[in-house]
Amino acid sequence: MLEAKLEQAALLKRIVDSIRDIVQDCNFECSESGLSLQAMDNSHIALVSLLLGKDGFTDYRCDRSISLGVNVGALTKILKCGGNDDVLTLRAEDKPSVLSVMFEDSIQDRISEYNLKLMDVDQEHMGIPDTEYSASVTMPTAEFQRIARDLHTLSDSVEIDVNKEGITFSCDGDIGAGSIVLKPSSNIDRPEQSINVEIVEPVTLSFNLKYLNHFCKASGLSNQVTLRLSGEAPLLVEYKLPNGFIRFFLAPKIGD
Amino acid sequence: PTEQALLQRFFEHI
């Protein structure tokens with residue numbers, strides 16, 4: 001059986017919030033080592049990969065691997081019933097039909113428990129190859145979120161260009177064009193504000209801004225986000241989690 | 001469709 005306790009429900013709430021625009025139904029895979037998820041969006045242009053290692057939980061026990069088929073919208077509704085600061089416990093039997101979600105508010109001595117009906121989710125599990133990326137850029141999540149939001153007011157797509165000078169986001173839409181240039185910088189007092197650019201060779205690719213804005217829903221999970229680009233691979237947008245990560249992959253726009 | 005193919009090709013290529 002699975003029994004997994006998080007000190008703060010906010011972590012799972014934020015994780016589920018950050019994937020619910022992309023994924024409708026998915027399997028949460030629970031194993032001895034932790035909880036993971038891999039799912040594609042309906043249009044098969046983006047893929048989400050989540051890992052929450054067992055050390056990220058206050059208590060974690062999973063005797064044998066369990067697959068929890070979940071409707072993400074339904075899970076969102078149940079998670080909204082708990083407070084951000086509540087202790088959250090997930091429980092499931094070995095062949096579960098429901099996932100039990102318990103919230104404990106220690107200040108008010110309030111315990112609430114909900115059962116989420118599980119479903120069979122037919123999903124192919126794909127391996128993600130180790131990839132040598134041409135460029136990696138780490139920047140503040142708030143900055144990336146602002147860029148994706150601002151450029152989306154002008155256009156549906158963004159061109160990302162990385163070279164040794166820095167990273168440029170630019171777009172050209174019906175009402176006009178825009179661009180933002182970020183140069184590498186290090187901030188010793190506030191390292192989370194630093195911008196780090198690692199480059200093997202310059203790369204320029206275009207992406208759909210709708211998806212980048214969906215990915216930015218994960219901004220509350222980490223101060224920094226890493227973008228990895230290569231001509232031969234989808235864009236990787238990575239947010240580090242306590243003992244894990246949430247990674248979004250997005251195919252570049254082809255043509256136009 | 002071409003973007004879908006690219007994503008699927010990338011993940012199946014292992």
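Here is the naming used below: chain letters follow the sequence lines, and residue numbers restart at 1 for every chain.
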> More than 12 heavy atoms of other residues, nucleotides or ligands under 6.0 Å from CG of A:Asp156: yes or no?
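Not more than 12 within 6.0 Å, no.
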> Name the orientation class of the two ring planes belonging to B:Phe11 and A:Phe249 (parallel below 30°, tilted from 30 to 60°, perpendicular beyond 60°).
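B:Phe11 vs A:Phe249 ring planes: perpendicular.
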> Are there more than 12 heavy atoms of other residues, nucleotides or ligands under 6.0 Å from atom NZ of A:Lys217?
yes
> Mind checking whether B:Leu7 and A:Met40 have side chains closer than 4.5 Å, heavy atoms only?
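Yes; the side chains approach each other to less than 4.5 Å.
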> Indicate the atoms forming the closest heavy-atom contact of A:Pro129 with B:Phe10, along with that distance.
CG-O, 3.7 Å
> Might you point out which heavy atoms bring B:Leu6 and A:Pro252 nearest each other, and give the distance in Å?
CD2-CD, 3.8 Å
> Could you check A:Leu250, A:Ile45, A:Asn208 and say which one makes a side-chain contact (heavy atoms from CB on, under 4.5 Å) with B:Glu3?
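The side-chain contact (heavy atoms from CB on, under 4.5 Å) with B:Glu3 is passed solely by A:Ile45 among A:Leu250, A:Ile45, A:Asn208.
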> Could you check whether atom CD of A:Glu143 has more than 12 heavy atoms from other residues, nucleotides or ligands sitting under 6.0 Å from it?
yes
